[in-house]
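Keep in mind that the numbers below use all heavy atoms, side chains included, and drop hydrogens, waters and symmetry copies. Letters A, B, ... mirror the listed sequences (proteins, then strands); counts begin at 1.
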Amino acid sequence: MSLDEGEHGASAAAEFDSPAAEPSRRDFLRLAGFSAAGALGAACGRAPVRQAIPLVTQPAGAVPGRGQSYATTCGGCAAGCGLLVTVRDGRPIKVEGMPDHPLSAGGVCAVGQSTLLGLYDNRRFRQAMLSGQPAAWADVDRLLAGRFEAIRQTGGAVRVLTPTVHSPTVRREIAALLATFGDGAHVEYDTISASALLDAHETTHGVRALPRYFFDRADVIVSFDADFLGTWITPSQYTFGWARRRTPRAGRPPSWHAQIESRVSLTGGKADCRVSMAPDEIAALAFDVAEVVEGGHGAGLAGELGTRLLEARGRSLVISGIQDREVQQLCNHMNAALGNYGCTIDISRPSHQRRGSDRAVAGLLQDAAAGRVAALLVWHANPLFDLPGGDGLAKVPLIVSFAERADETTAVAHAICPDHHAFESWTDAEPVAGVFGLTQPVVAPLFGTRALVETLAAWRGRPRPAQEIVEEHWRAAIFPLQRAEADFDRFWIRAVQTGHVCVDPPAVVPRPASPPSIARRPAAPETTHLVLHHTPAMLGGEHAWNPFLQELPDPVTKIVWDNYASVSPALARQLQIASGDVVRLETSQGAIELPAHVQPGQHDRTIAVALGYGSLMTERFKDLGRHWFGSQPTVGPNGRVGVNAAALQALDDGTLRRHVPGVRVSRVGRRHVLAYTQEHHTLTVPARVAPPGGERRPIVQEVAFEEIGRGGAAAGHEAADLWPDDHRPAGHRWGMAVDLNACTGCGACVVACQVENNIPVVGKDEVRRNRELHWIRIDRYYSQDADGLHIAQQPMFCQHCGHAPCETVCPTLATVHSAEGLNQQVYNRCVGTRYCANNCPYKARRFNWFEYPHGEGSEALALNPDVTVRVRGVMEKCTMCVQRIQEGKIEATRRGVAVADGDIQTACQQSCAAAAIVFGDLNDPSSRVARLATDARAYRVLEELNVKPSVTYLKIVRQTASLNGGPASHG
Amino acid sequence: MNQRIATIFLVTAIAFTTSLLVARARAYNLPGNHQGYEPAQPIAYSHRLHAGDLQIRCLYCHSNAEKSRHAGVPAASVCLNCHRFVTAPLGAVRAEEELAAKEQRPARPVVSPELQKLYDALALDAKLQPIPGRVVQPIAWTRVHTLPDFVYFDHRAHVGAGVACQTCHGPVETMERVRQASDLSMGWCVNCHRDSAQAGINGRPVRPSIDCSTCHY
């Protein structure tokens, strides 16, 4: 054997024995060649074969590719706002406000907007369940019929537990089922309870009812801790009225609004006079003001408030959100003494938006604890989550839940009979006496659910479709109340078309009682109070499963995906804590641990915690967001979003109290990272880089009412223009105007934009890294002066600059200017250099750092087919809803008419309850937006940069906070 | 030595392939360009017969083109407007009638095999009555003209402006099976927008936009 052979043999053997251990250069080339050939082959191939599947029979009026709107009523809360649901090729894709609705007038809040996601929610119950196992409806009906029959034999108590039900048909069906039992009762309770207010009216006016408030008729509003623009009863509808009266008209100052509160609420931020007080002090102040209103004079703050109220007799409003019957009675007496009943308050046609009775639910809890309840039927309520002592209900031998998705109550329910989503079924509403709303299905039921009224009717032995049940009730009870239509069928068709009808209801006759002597309470020793409150997005926690609402920044704190203990800076110093330090809150009811947040403007003896968090429904978010080194889960250590503080509420003396005195705070020593968005994309200049005198920029501008139109507000920055004036748009020039005086910062526009423009949810960790994708951010600015803390809210989005700095730096021309003044972002050209975002003075651009998922499974059906779903590595920003502009222009051309002002509405504009956003053609001098652009209050943000933004802001009107003081000064 | 031969052979082969490819380059499309795509359809529907010989207007079947972004494939019920009465080519019906006359029997209904697929989809029996209990099945046509997801084309605007269907879709009335006649590339769109801004459409002035956001949003 030669040496050569030996060598060759050895190397060959090595090569065949372990080719993977030592890939040779040849292997590499071979693999690379195959890969290249494969890639080439793939590139040369045809695109995947796509199919076009037409309908077998096209229904009359249905045009594939065009949206149709159906009028219906919102089922998100008890406010009963009118909706127009856009259905495209059989699937609902957008919720808008019904512009003609007598209560909501086109506004829809963030919760209402996001109910769309609930329809497609992957984790809805798809069928009935018995003892946790899927079951056929027939089996459920048969089993429950047997159980109910046994209860009828023994005469056991049956209770139906719901939140406020203002649907006449549902009320009637519940009553009809309960009538078949010897001892049946319908118990209503509200997570955002106004029970004390209703009880107070029973004492003072002889009717247990919630009056209807007209904020648009009130010149003076004094609110004792009622967050009526954020969470109190029906904020969207109140915002509409409040904003109408807040817009300054020539010679008529806007309404004057005082907010006395212990935490910092969205409503407090909009008040002319915001007073920070501990809860016990607020009650004492209410006594003082009542004395002034009766006596005619007084000193100090009570004197000022009382005098203001007395000057506006019949044109004022005193309201309170405190769950305290005596304070509520005082407010009623003040309103009566001021002659507000019949003017700004209507009790003869009361509102049905709150009917819950804390006394009744306390009675139910006692009965359940004593074993006196044989069966409990729960609809749209989650007492095991949001009622203190609610877990006592688990002892009831038969619990039936009608919930749409799993929650704390369904976990102990014996039978689950899932109700349809509000978009899938017929039902109705009567939010205010005489205003009837109709809910019609806009899509066939997606899953094997069944409408509540159908289920109840089946259990009564009269199974009928929901439409028949609703129609029959309307024929019998509502049609006779009106005179406009003589024929029921015409009446019904009109109701289905418009979604609502107004009739003359039988008036409720109040029986005013003489003012009782309410004894002033002895001054209690000063303790720290726990103030449990709600947030506009989370409300009572019914929608905690909804990622849109979890990622909507809180209007004041700008925190997402968490609740927290808000403490004042002084208290934080005393406790030596900073934002993010976990604290332990102990009351006589129990203890919770949650992160602290230092909140300026809050009263020093107050700790505020939001309710509605820590729900079982948020366990679904445990995998939400990106998972990589250093990332933190969206849920907290308890596996849920936030901590449930409901158990700390006090249910005593028939009132669910949210103010708990005597809370003890201690540091735990742990930290929990909160995701704040306020510091993201900030327009403020860091002090170290600011030019002298440029540390503060007039981003939010304010003006005293007397100063409006005086002193040439625009005479500021007449800069020389280096750009030739050669691209002046000749046709349309789209622009927007935002009235900062009307904007409350509620966030409805943010969610409307998110739904319309397919903006994904990114999760807490990404938000923490500045990567939220909302095209609209609402900047919140604090200013502090002798009067206390003032808050300004400013929706900020792409300003569509005439001289856009982003356009000049884009190396691929992915962002360019349109002939109609829009700053266009072309996703398919964008390579993701992010130069544009860096050069944007308004920080309005958002980058897709990852491929963010758009929900799972059926949830992708909620996507708007008219807007591109962006991929990773692409910049995006507000387009002024260019898809709606195109649709409006093409439709106008098709009909042979010009685009009229108001024909095209952006999603944010449509949903705004305060009508603070106006979109239109700046080249049309008669358009609303063009007139607002030259309004006396108009200014443009960072106008000195000469980027010529297309968005006009209207200055906030600040009125004198005190009677004798000057206007508050802000920068 | 062997390696040298192999190298020479490879280089020759590559040069030969390249020269062939270059010569026939026009027949190859760039990725994403599906010009000439002519897929088989579940029913061998002939545009040449319907739009060409019978002169049925495009908008009779594709009626959504005036009203919606999508021209749309007509619903199967639209086909029945005519094919409730016309079940086979005239020649086949005549032949059967003549045969029946010769054999002195009533003529049998003649149904062409392609139309039978339509009746099956609509669950219709031989007398074109619905078969009880049978579920209708929509016809899954193969899409010929597709655009990327980031492009929004609107038929309404073009039909309304007077653009003939053939401008983009080619002489469909001569096609037995529909073929993608144009390359549907962005340059092709923009050229037409530019030209018609100057020349108008059929002499009528139009204002086509060449803004990006006309199609991309």
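Rounding to the nearest 0.5 Å gives a distance of 7.0 Å between CD of Q886(A) and OG of S209(B). Atom CD of Q883(A) sits about 9.5 Å away from atom CZ of R69(B), to the nearest 0.5 Å.
Annotation: maximal heavy-atom pairing with chain A below 4.5 Å, among L122(B), V136(B), D211(B), occurs at D211(B). Top candidate by heavy-atom pairs under 4.5 Å with chain A, chosen from D154(B), I210(B), T214(B), is T214(B). Top candidate by heavy-atom pairs under 4.5 Å with chain A, chosen from G160(B), A140(B), S68(B), is S68(B). Comparing T893(A), I53(A), I890(A), L55(A) by how many heavy-atom pairs each has under 4.5 Å with chain B, the most go to I890(A). Per-residue counts of heavy-atom pairs under 4.5 Å with chain A were compared for E66(B), R207(B), Q137(B), H155(B); the largest is that of E66(B).
Annotation: R177(B), atom CZ; neighbour count of heavy atoms from other residues, nucleotides and ligands within 6.0 Å is above 12. Other residues, nucleotides and ligands place more than 12 heavy atoms under 6.0 Å from the CE atom of M175(B). Environment of CZ in F150(B): crowded, with over 12 heavy atoms of neighbouring residues, nucleotides or ligands closer than 6.0 Å.
Heavy atoms only, all atoms of each residue included: A75(B) and V56(A) are closest at CB-O, 3.7 Å. The minimum heavy-atom distance linking Y217(B) with Y827(A) is given by the pair C-CE1, 3.9 Å.
The contact between T142(B) and chain A is made by backbone and side chain atoms together, counting heavy-atom distances below 4.5 Å. Heavy atoms of D866(A) lying under 4.5 Å from chain B belong to its backbone as well as its side chain. Looking at D149(B), both its backbone and its side chain come within 4.5 Å of chain A, counting heavy atoms on both sides. In this structure, chain A has a heavy atom under 4.5 Å from the side chain of Y152(B), while its backbone stays farther away. Looking at P74(B), only its backbone comes within 4.5 Å of chain A, counting heavy atoms on both sides. Using a 4.5 Å cut-off between heavy atoms, Q824(A) touches chain B through its side chain atoms alone. For chain B, the nearby part of R894(A) is the side chain; its heavy atoms alone come within less than 4.5 Å. Both the backbone and the side chain of T57(A) come within less than 4.5 Å of a heavy atom of chain B.
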Could you walk me through whether Q58(A) and N64(B) pass side chain to side chain contact (heavy atoms under 4.5 Å, CB included), step by step? CA-CA 11 Å; Q58(A) 191 166 317; N64(B) 290 335; 3.7 Å; yes
Under the side chain to side chain contact (heavy atoms under 4.5 Å, CB included) rule, what do S213(B) and T879(A) come out as? Steps first, then yes or no, please. CA-CA 9 Å; S213(B) 64; T879(A) 61; over 6 Å; no
Verdict with reasoning, H216(B) to T868(A), per side chain to side chain contact (heavy atoms under 4.5 Å, CB included): CA-CA 8 Å; H216(B) 302 294; T868(A) 307; over 6 Å; no
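The residues E887(A) and R156(B) are annotated as salt-bridged, a charged nitrogen and a carboxylate oxygen being separated by less than 4.0 angstrom.
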